[in-house]
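Before any comments, here is the structure.
Whatever order the structure lists ligands and atoms in, that order sets their numbers, starting from 1. Residues take their numbers from the sequence shown, with the count starting at 1.
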Amino acid sequence: MTTPKTATLTLGEQSMELPVYSGSLGPDVIDIGKLYAAMDVFTFDPGFTSTGSCESKITFIDGDKGELLYRGYPIDQLAEKSHYLEVCYLLLYGELPSATQLEDFETRVTRHTMLHEQMQGFYKGFRRDAHPMAIVCGVVGAMSAFYHDSTDITDPWQREVATIRLIAKLPTIVAWAYKYSIGQPFIYPRNDLDYASNFLHMCFATPAEEYHVDPILARAMDRIFTLHADHEQNASTSTVRLAGSSGANPFACIAAGVACLWGPSHGGANEACLQMLREIGTVDKIPEYVARAKDKDDPFRLMGFGHRVYKNFDPRAKVMKESADEVLGLLGVEDNETLKVAKELERIALEDPYFVEKKLYPNVDFYSGIILEAMGFPTSMFTALFAMSRTVGWISQWKEMIEEKSKIGRPRQLYTGAANRDYVEVENR
Ligand code: CMC
């Protein structure tokens, strides 16, 4: 972080020099940390469209170029050449691992895949029709009640154990949420399988017969995990950082991230997108829905389109689209009606001046739902899969924040409510 420049802020008679920092990539930032003390004003940026909330070395997005880097490495290279656990190591520790470091990391993750047996009782407290995200949010939060020996955030060793536990146990937590919802027995993790294969096994195997994980599906699953692993200071990550800034334990912070991710403007978009494609139903109905998306008086939006940061294309969507073609080819579902609607919708929206002018492109969620459905996941599981993949990003960002000893996050406001007034007794109102 360098400070070659300053910005001058003038307000009436007063003026102030504000330091300007340059990162290794991306726009400069103006440091307004001392503004309130010096000039008695706050900045105002609801939705944080022009606000950098922290310094970070983990992930970089260039929205104009459609570029996503994890620790400097482009996402398309990682999706093609690496695999999820290696990417987890990279995000957490900053560098690609040596062969020995990777083996050690994989062993550590693998040794933590089982859930405390008593947690099964916790699952059984949920209604059978509970949304998997409700269960995942609850069970992740409940980890703080089961793993007391990794909740002291001042101890680096406990932070490390909590990190490994979260990455290792999330597949089990998510797979069991699915098993519970369909009334099948929980399948225990298999540590002889790789991360993605083990997850597919826990979702789709039953004790009654042998289940063989298709390596192409496992590879596609692993790529979905990699593409979702981190995305700098998005809503759920900022939620995790804010929760963590108060000193809350890591399991509570990740549960907060899961809750935030659930919303349809964020991680919930993959579920909402597939529901929308099904609602459209047939290709001839597309113009009606495109017209609704363009109508200012209609709240309807094309789910899976648009992004706060990407204004060219979403690089994750590009890789996801290739994966979708591969998986659908393998499963022989290219003729599926939902897929036809998706392809035609994509074609129409990409040519429509409304979407072109507003730079609204298909995002990662547009394609991920199509692959996940083809693999046999119900739509309600889509966001839970996103949460599982993003856990490493959340915990990496949380770890970075704790190691930097940040202050508690405490934004201020523009108050427009009633001014000071005296209480009026009920009989006088
Ligand atoms: N369909 C129709 N119009 C849209 C859409 C859409 N999907 N997205 C944005 N717009 C319009 C919006 O109406 C607005 O128009 P105007 O300027 O005339 O008022 C303009 O584009 C800018 O929209 P915005 O809401 O100010 O943009 P934002 O940066 O606040 O929102 C977004 C980004 C992702 C929330 C939004 O594009 C959206 O709601 N998309 C659909 C939901 C979705 O797919 N979300 C997943 C995002 S990727 C996964 C993740 O990282 O979580």
Side-chain angles (χ1 to χ4, degrees), residues 45-51 58-64 66-70 75 133 224-240 257-277 279-280 286-321 342 345-346 348-372 379 382-394 397:
D45 183 22
F48 309 120
T49 52
S50 301
T51 297
I58 303 174
T59 296
F60 176 76
I61 301 174
D62 186 324
D64 294 324
E67 188 175 67
L68 168 61
L69 310 176
Y70 292 166
I75 188 66
M133 282 297 276
I224 290 178
F225 296 159
T226 296
L227 292 175
H228 286 92
D230 196 37
H231 215 224
E232 55 121 298
Q233 309 311 321
N234 56 80
S236 55
T237 302
S238 299
T239 302
V240 170
V258 175
C260 178
L261 186 79
W262 196 354
S265 296
H266 192 9
N270 51 14
E271 179 177 349
C273 176
L274 214 84
Q275 277 161 357
M276 175 195 75
L277 294 174
E279 189 186 311
I280 298 175
I286 293 175
E288 183 194 318
Y289 282 85
V290 171
R292 282 186 61 196
K294 287 154 60 173
D295 181 355
K296 280 221 163 298
D297 299 324
D298 190 330
F300 175 78
R301 285 187 168 197
L302 282 190
M303 300 314 285
F305 278 80
H307 198 273
R308 168 62 63 80
V309 186
Y310 295 121
K311 299 299 173 197
N312 187 336
F313 66 93
D314 179 341
R316 304 168 300 172
K318 215 168 127 194
V319 182
M320 199 67 93
K321 191 177 181 193
L345 181 63
E346 181 193 18
I348 292 178
L350 287 176
E351 285 174 3
D352 190 297
Y354 173 93
F355 289 88
V356 174
E357 278 157 28
K358 292 188 189 299
K359 302 185 183 223
L360 300 170
Y361 297 89
N363 58 47
V364 67
D365 290 328
F366 186 70
Y367 303 105
S368 63
I370 295 168
I371 308 184
L372 295 174
T379 45
F382 293 1
T383 315
L385 279 153
F386 190 162
M388 171 186 154
S389 323
R390 182 57 59 84
T391 294
V392 69
W394 290 330
Q397 303 265 352

Checklist entry - Should we say atom NZ of Lys311 is surrounded by more than 12 heavy atoms from elsewhere, each under 6.0 Å from it? => result yes
Can you pull every nitrogen or oxygen pair between ligand 1 and the protein closer than 3.5 angstrom?
{"from": "ligand 1", "atom 1": "1 (N)", "to": "Leu302", "atom 2": "N", "distance (Å)": "3.1"}
{"from": "ligand 1", "atom 1": "3 (N)", "to": "Tyr354", "atom 2": "OH", "distance (Å)": "3.1"}
{"from": "ligand 1", "atom 1": "7 (N)", "to": "Leu302", "atom 2": "O", "distance (Å)": "2.8"}
{"from": "ligand 1", "atom 1": "7 (N)", "to": "Phe305", "atom 2": "O", "distance (Å)": "3.0"}
{"from": "ligand 1", "atom 1": "13 (O)", "to": "Arg301", "atom 2": "NH2", "distance (Å)": "3.4"}
{"from": "ligand 1", "atom 1": "18 (O)", "to": "Lys296", "atom 2": "NZ", "distance (Å)": "2.6"}
{"from": "ligand 1", "atom 1": "18 (O)", "to": "Lys358", "atom 2": "NZ", "distance (Å)": "2.8"}
{"from": "ligand 1", "atom 1": "19 (O)", "to": "Lys296", "atom 2": "NZ", "distance (Å)": "3.3"}
{"from": "ligand 1", "atom 1": "25 (O)", "to": "Arg301", "atom 2": "NH1", "distance (Å)": "3.0"}
{"from": "ligand 1", "atom 1": "25 (O)", "to": "Arg301", "atom 2": "NH2", "distance (Å)": "2.9"}
{"from": "ligand 1", "atom 1": "29 (O)", "to": "Arg308", "atom 2": "NE", "distance (Å)": "2.8"}
{"from": "ligand 1", "atom 1": "30 (O)", "to": "Arg308", "atom 2": "NH2", "distance (Å)": "3.0"}
{"from": "ligand 1", "atom 1": "39 (O)", "to": "Arg301", "atom 2": "NH1", "distance (Å)": "2.9"}
{"from": "ligand 1", "atom 1": "40 (N)", "to": "Phe305", "atom 2": "O", "distance (Å)": "2.9"}
{"from": "ligand 1", "atom 1": "44 (O)", "to": "Gly304", "atom 2": "N", "distance (Å)": "2.9"}
{"from": "ligand 1", "atom 1": "44 (O)", "to": "Asn363", "atom 2": "ND2", "distance (Å)": "2.9"}
{"from": "ligand 1", "atom 1": "45 (N)", "to": "Ser265", "atom 2": "O", "distance (Å)": "3.2"}
{"from": "ligand 1", "atom 1": "52 (O)", "to": "His266", "atom 2": "ND1", "distance (Å)": "2.6"}

Item to check | Minimum-distance pair of heavy atoms, taken over all atoms of Phe366 and Cys273 | outcome: CD1-SG, 3.7 Å
Checklist entry - Counting N and O atoms only, with roles assigned by atom type, does the side chain of Asp45 sit under 3.5 Å from a partner on the main chain of Ser50, one being a donor and the other an acceptor? => result yes
Checklist entry - Taking the side chain from Thr383 and the backbone from Trp262, do they hold a donor-acceptor pair closer than 3.5 Å? => result no
Next on the checklist: Angle between ring planes, Tyr310 versus His231, binned at 30° and 60°: parallel, tilted or perpendicular?
Outcome noted: tilted
Next on the checklist: Ignoring hydrogens, what is the shortest heavy-atom contact between Phe305 and Ala349? Give both atom names and the distance.
Outcome noted: CE2-CB, 3.5 Å
